[in-house]
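Okay, so here's the structure we're looking at.
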Amino acid sequence: EVQLQASGGGLVQAGGSLRLSCAHSEFTLDDYVIGWFRQAPGKEREGVSCIFNRSEIVTYYGRFVKGRFAISSDSDKHTVYLQMNSLKPEDTAVYYCAAGSRISRPAFDGLDFKNYNYWGQGTLVTVSS
């Protein structure tokens with residue numbers, strides 16, 4: 001059974017840090033993109049970051065990240081991490097991880113949630129001011 005499980009959310013003060021984890025099964029970064037998305041109340045889901053392997057590891061970030069977040073992967077543990085630093089109240093949202101196949105899709109937009117087929121449950125991140 002295909003699974004993704006996000007964890008690591010919580011309450012943090014502005015300027016603080018959190019590390020989110022996405023434990024996944026079956027996905028290899030050679031064929032799949034693993035992405036992080038977030039959705040705040042009343043807002044559309046937006047792409048935070050994604051990672052995949054194309055001869056070397058490739059990562060993308062949403063423009064609002066501005067160097068504050070870092071995505072990484074531990075293939076032995078089948079886990080993708082999102083290290084979030086310098087958190088702001090506007091980062092408050094439910095964060096989701098997802099997987100999408102890159103096979104036969106060279107123009108895969110890793111920050112577009114519509115390209116992803118598999119989703120984990122969300123983890124809530126709340127940043128207080």
Side-chain angles (χ1 to χ4, degrees):
E1 180 183 351
V2 172
Q3 288 186 336
L4 298 112
Q5 186 165 359
S7 61
L11 174 64
V12 64
Q13 287 189 329
S17 299
L18 281 175
R19 188 177 79 159
L20 305 184
S21 298
C22 176
H24 61 85
S25 63
E26 298 189 22
F27 301 112
T28 167
L29 294 184
D30 293 340
D31 296 328
Y32 286 85
V33 182
I34 303 289
W36 283 99
F37 296 83
R38 70 184 188 182
Q39 189 164 19
K43 294 189 176 181
E44 190 172 276
R45 191 168 296 191
E46 63 179 346
V48 179
S49 183
C50 68
I51 186 170
F52 60 96
N53 188 13
R54 186 177 60 197
S55 302
E56 61 183 9
I57 291 294
V58 178
T59 61
Y60 289 105
Y61 296 91
R63 274 176 279 187
F64 59 86
V65 171
K66 296 182 180 177
R68 300 181 297 130
F69 300 173
I71 191 170
S72 61
S73 173
D74 185 332
S75 57
D76 291 338
K77 295 182 178 179
H78 299 285
T79 301
V80 170
Y81 302 99
L82 183 69
Q83 177 67 43
M84 304 190 296
N85 301 321
S86 302
L87 283 161
K88 305 174 183 179
E90 51 264 43
D91 293 318
T92 295
V94 177
Y95 284 71
Y96 300 87
C97 64
S101 173
R102 286 181 56 236
I103 297 172
S104 300
R105 300 171 74 187
F108 190 104
D109 181 352
L111 296 179
D112 185 345
F113 70 90
K114 295 186 289 296
N115 289 325
Y116 288 76
N117 307 97
Y118 306 100
W119 290 84
Q121 90 293 350
T123 186
L124 177 62
V125 172
T126 304
V127 184
S128 63
S129 57

Revision key, fill the gap. When rounded to the nearest 0.5 Å, the distance separating CG of N53 from CZ of R102 is 8.0 Å

Check your understanding: Applying the 4.5 Å side-chain criterion to the ILVMFWY set and letting contacts propagate, would Y32 and I57 be lumped into a single cluster?
Key -> yes

**Study point:** Partner residues of V127 under the side chain to side chain contact (heavy atoms under 4.5 Å, CB included) criterion, sequence neighbours left out
**Key:** V12, A14, L87, P89, D91, T92, V125

Exercise for review: Determine whether the aromatic ring centres of F69 and Y81 lie less than 6.0 Å apart.
Suggested key: no

Review point. With hydrophobic residues grouped by side-chain heavy-atom distances under 4.5 Å, do Y60 and V65 end up in a single group?
Key: no

Exercise for review: Please confirm whether F113 and Y96 have ring centers closer than 6.0 angstrom.
Suggested key: no

**Study point:** Y118 side chain vs C97 backbone, donor-acceptor pair below 3.5 Å
**Key:** no

Review point. Linking I/L/V/M/F/W/Y whenever any side-chain heavy atoms sit under 4.5 Å apart, do L124 and L82 land together?
Key: no

Exercise for review: Answer yes if L111 and F64 sit in the same cluster of Ile, Leu, Val, Met, Phe, Trp and Tyr residues linked by side chain heavy atoms under 4.5 Å apart, and no otherwise.
Suggested key: no

Point to revise | In one Ile/Leu/Val/Met/Phe/Trp/Tyr side-chain cluster, 4.5 Å: V80, V48 | key: yes

Check your understanding: Can you check whether Q121's main-chain N or O pairs, donor with acceptor, with Q5's side chain at less than 3.5 Å?
Key -> no

Check your understanding: Going by the angle between their ring planes, with limits at 30° and 60°, are W119 and F37 parallel, tilted or perpendicular?
Key -> tilted

Check your understanding: Between F52 and F108, does the ring centre distance come in under 6.0 Å?
Key -> no

Revision key, fill the gap. Separation between CG (N115) and SG (C50), nearest 0.5 Å, reads 10.0 Å

